[in-house]
Amino acid sequence: MTHPRNDLLLRALLRQPTERTPIWIMRQAGRYLPEYNQTRTRAGDFLSLCKNPDLATEVTLQPLARFRLDAAILFSDILTIPDAMGLGLYFAEGEGPKFERPLRAEWEIRSLSAPDPSVHLSYVMSAVSQIRRALDNSVPLIGFAGSPFTLACYMVEGRGGTDFSVIKKMLYQRPDLLHHILEINARAVTDYLNAQIEAGAQAVMIFDTWGGVLSNAAFNVFSLQYMQRIVEGLTRHKDGAEIPVVLFTKGGGQWLERLAATGCNALGLDWSTDLAGARQRVGSQVALQGNLDPAILLTDPDTIAAEAAKTLESFGYGHGHVFNLGHGISQFVPPENVHALVEAVHQLSPAYHQV
Ligand code: CP3
């Protein structure tokens with residue numbers, strides 16, 4: 001009896017019939033919520049919040065207490081893996097993530113190894129099982145990780161917000177070194193996601209946030225290939241249920257056919273991709289998740305409802321759509337605008353499922 005009472009998300013990701021379109025929001029537990037900021041202050045900082053399973057559980061549930069969302073997503077970060085590899089992750093206030101020891105020298109790269117999730121990332125697995133207990137089978141819990149390439153961007157550059165010149169130089173001059181990092185990352189992500197599934201994650205998503213900065217040829221070799229390996233290595237069935245896998249390459253709209261061919265169940269789309277066109281291209285193979293421009297949430301309830309209607313209309317009639325933003329929610333969004341979005345999807349989407 002571990003199946004969630006509201007399983008719309010799981011069914012939609014598997015392209016099974018649903019009565020309406022499920023909705024969750026990337027970064028739904030985050031700084032736009034005053035109660036999140038309070039809990040983060042109690043934790044001390046963002047990383048301490050991630051590493052405290054009680055508080056991580058608390059913030060995971062916060063958006064669900066406010067809005068009629070159809071899924072919870074583990075509160076954590078993609079950079080827990082490089083942190084567990086010993087790179088020294090820290091978040092400088094207002095500056096995003098940084099590493100004390102980025103990977104530059106060949107000997108540093110050669111001594112890298114995949115962390116054992118049950119040792120170095122046990123706090124994440126504790127959070128997953130605690131969140132599952134707290135959810136009490138109400139909605140499914142999504143686990144996640146970064147893609148090998150996206151993790152490598154932070155590990156090599158040493159910080160976010162760069163022009164990717166260091167990793168691109170490595171890609172073209174020393175592809176052997178980058179491949180070494182990516183192989184270890186792929187092993188680490190596979191083990192990490194399987195541990196999350198073992199601990200209770202009911203769907204998993206791989207964030208390839210920076211795959212879109214690669215050239216057409218380099219995307220296959222340095223990102224797609226490694227995500228494919230992960231998809232092939234994941235536990236896809238547990239306790240009689242299928243565990244859907246979602247791949248999200250931001251800026252990857254031109255590569256949807258290749259992403260769908262990895263054997264994943266669903267693709268995340270950013271707002272630059274036309275949902276109707278994407279469905280025509282890959283909709284018989286995978287479900288689609290997205291793709292409202294996150295900036296729309298900065299407007300007003302009427303505009304938000306009108307834009308949500310356009311997104312639903314763009315996917316059209318039938319199943320296999322999970323409503324989401326095209327990327328994470330901004331910290332400047334008024335919570336009542338999220339309420340307007342969630343309610344609009346509840347109200348408008350049943351019409352598209354009466355088929
Ligand atoms: O969706 C959720 O609610 C789950 C939580 C989640 C976080 N990070 C929490 C977070 C998820 C799924 C992530 C993924 C993540 N982290 C990605 C991939 C998705 C994406 O957004 O592209 C990336 C690239 C990271 C790395 C990272 N973590 C960055 C670049 C930053 C700074 C960004 C910012 O908004 O300042 C973070 C910090 C972070 N991760 C925050 C949250 C809620 C904000 C930290 C804070 O509270 O100060």
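Both ligands and their constituent atoms are indexed starting at 1 by order of listing.
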Q: Give a yes-or-no answer on whether the side chains of Glu343 and Gln347 include a donor-acceptor pair shorter than 3.5 Å.
A: no
Q | Protein heavy-atom partner closest to atom 18 (C) of ligand 1 - residue, atom, separation in Å | A | Thr209 OG1, 3.3 Å
Q: Indicate the ring-plane relationship of His327 and Phe248, choosing parallel, tilted or perpendicular according to the 30° and 60° boundaries.
A: tilted
Q) In terms of ring plane angle, is the pair His321 and Phe315 parallel, tilted or perpendicular, where the classes change at 30° and 60°? A) parallel
(Q) With a 4.0 Å cut-off on heavy atoms, is Asn37 in contact with ligand 1? (A) no
Q: Look at the rings of Tyr36 and Phe75 and say which category their plane angle falls in: under 30° parallel, 30 to 60° tilted, over 60° perpendicular.
A: tilted
Q: Looking only at protein heavy atoms, identify the closest one to atom 5 (C) of ligand 1 and say how far it is in Å.
A: Ser76 O, 3.7 Å
(Q) Residue-level breakdown please: for Pro63 versus ligand 1, do any non-hydrogen atoms fall below 4.0 Å on the side chain, on the backbone, on both, or on neither? (A) neither
Q. Nearest to atom 48 (O) of ligand 1, what protein heavy atom do you find, and at what distance?
A. Arg40 NH1, 2.2 Å
Q.
Can you report which non-hydrogen protein atom sits closest to atom 20 (C) of ligand 1, along with the distance?
A. His327 NE2, 3.0 Å
Q. Got more than 12 heavy atoms from elsewhere within 6.0 Å of CD, Gln280?
A. no
Q | Nearest-option assignment for atom 25 (C) of ligand 1, heavy atoms, candidates Leu89, Thr39, Ile78, Leu49 | A | Ile78
Q. So with a 6.0 Å cut-off around NE2 of His180, is the heavy-atom count from everything else above 12?
A. yes
(Q) I'd like to know if Gly328 contacts ligand 1, where contact means a heavy-atom distance under 4.0 Å to any ligand atom. (A) no
Q) Does Trp210 come within less than 4.0 Å of ligand 1, judged by its heavy atoms? A) no
Q.
Looking at every heavy atom in both Phe323 and Leu312, which two are closest together, and how far apart are they?
A. CD1-CD2, 3.9 Å
Q | Check ion pair Asp83-Lys51 (N to O, under 4.0 angstrom) | A | yes
(Q) Quiz question: by atom type and distance under 3.5 Å, do the side chains of Glu157 and Thr162 form a donor-acceptor pair? (A) yes
Q) Going by an N to O cut-off under 4.0 Å, is there a salt bridge joining Arg11 and Asp70? A) no
Q. With backbone taken as N, CA, C and O and side chain as the heavy atoms from C-beta onward, which portion of Thr150 lies under 4.0 Å from ligand 1: side chain, backbone, both, or neither?
A. neither
Q: If the plane angle is over 60° it's perpendicular, under 30° parallel, otherwise tilted; pick one for Tyr32 and Phe67.
A: parallel
(Q) Heavy-atom contact check, 4.0 Å cutoff: does Phe248 meet ligand 1? (A) no
Q. Considering only the protein, which heavy-atom contact is closest to atom 32 (C) of ligand 1, and what is its distance?
A. Pro97 CD, 3.8 Å
Q.
Heavy-atom contact check, 4.0 Å cutoff: does Gly160 meet ligand 1?
A. no
Q. With a 4.0 Å cut-off, would you call Lys310 and Glu313 a salt bridge?
A. no
Q. Hey, which atoms in ligand 1 end up nearer than 4.0 Å to a heavy atom of Tyr36?
A. 43 (C), 46 (C), 47 (O)
Q. Which ligand 1 atoms, with their elements, are less than 4.0 angstrom from a heavy-atom of Ala29?
A. 3 (O), 43 (C)
(Q) Under a 4.0 angstrom heavy-atom cut-off, which atoms of ligand 1 come close to Gln28? (A) 1 (O), 2 (C), 3 (O)
**Q.** Element-labelled atoms of ligand 1 that are located less than 4.0 Å from some non-hydrogen atom of Phe207
**A.** 12 (C), 18 (C), 19 (C)
Q. So which of Met26, Arg31, Gln331 gets nearest to atom 36 (O) of ligand 1, if we judge by its closest heavy atom?
A. Arg31
Q. Nearest to atom 45 (C) of ligand 1 by heavy atom, Phe46, Tyr154, Phe91: which?
A. Phe46
Q) What protein heavy atom sits nearest atom 40 (N) of ligand 1, and how far off is it? A) Asp77 OD1, 2.8 Å
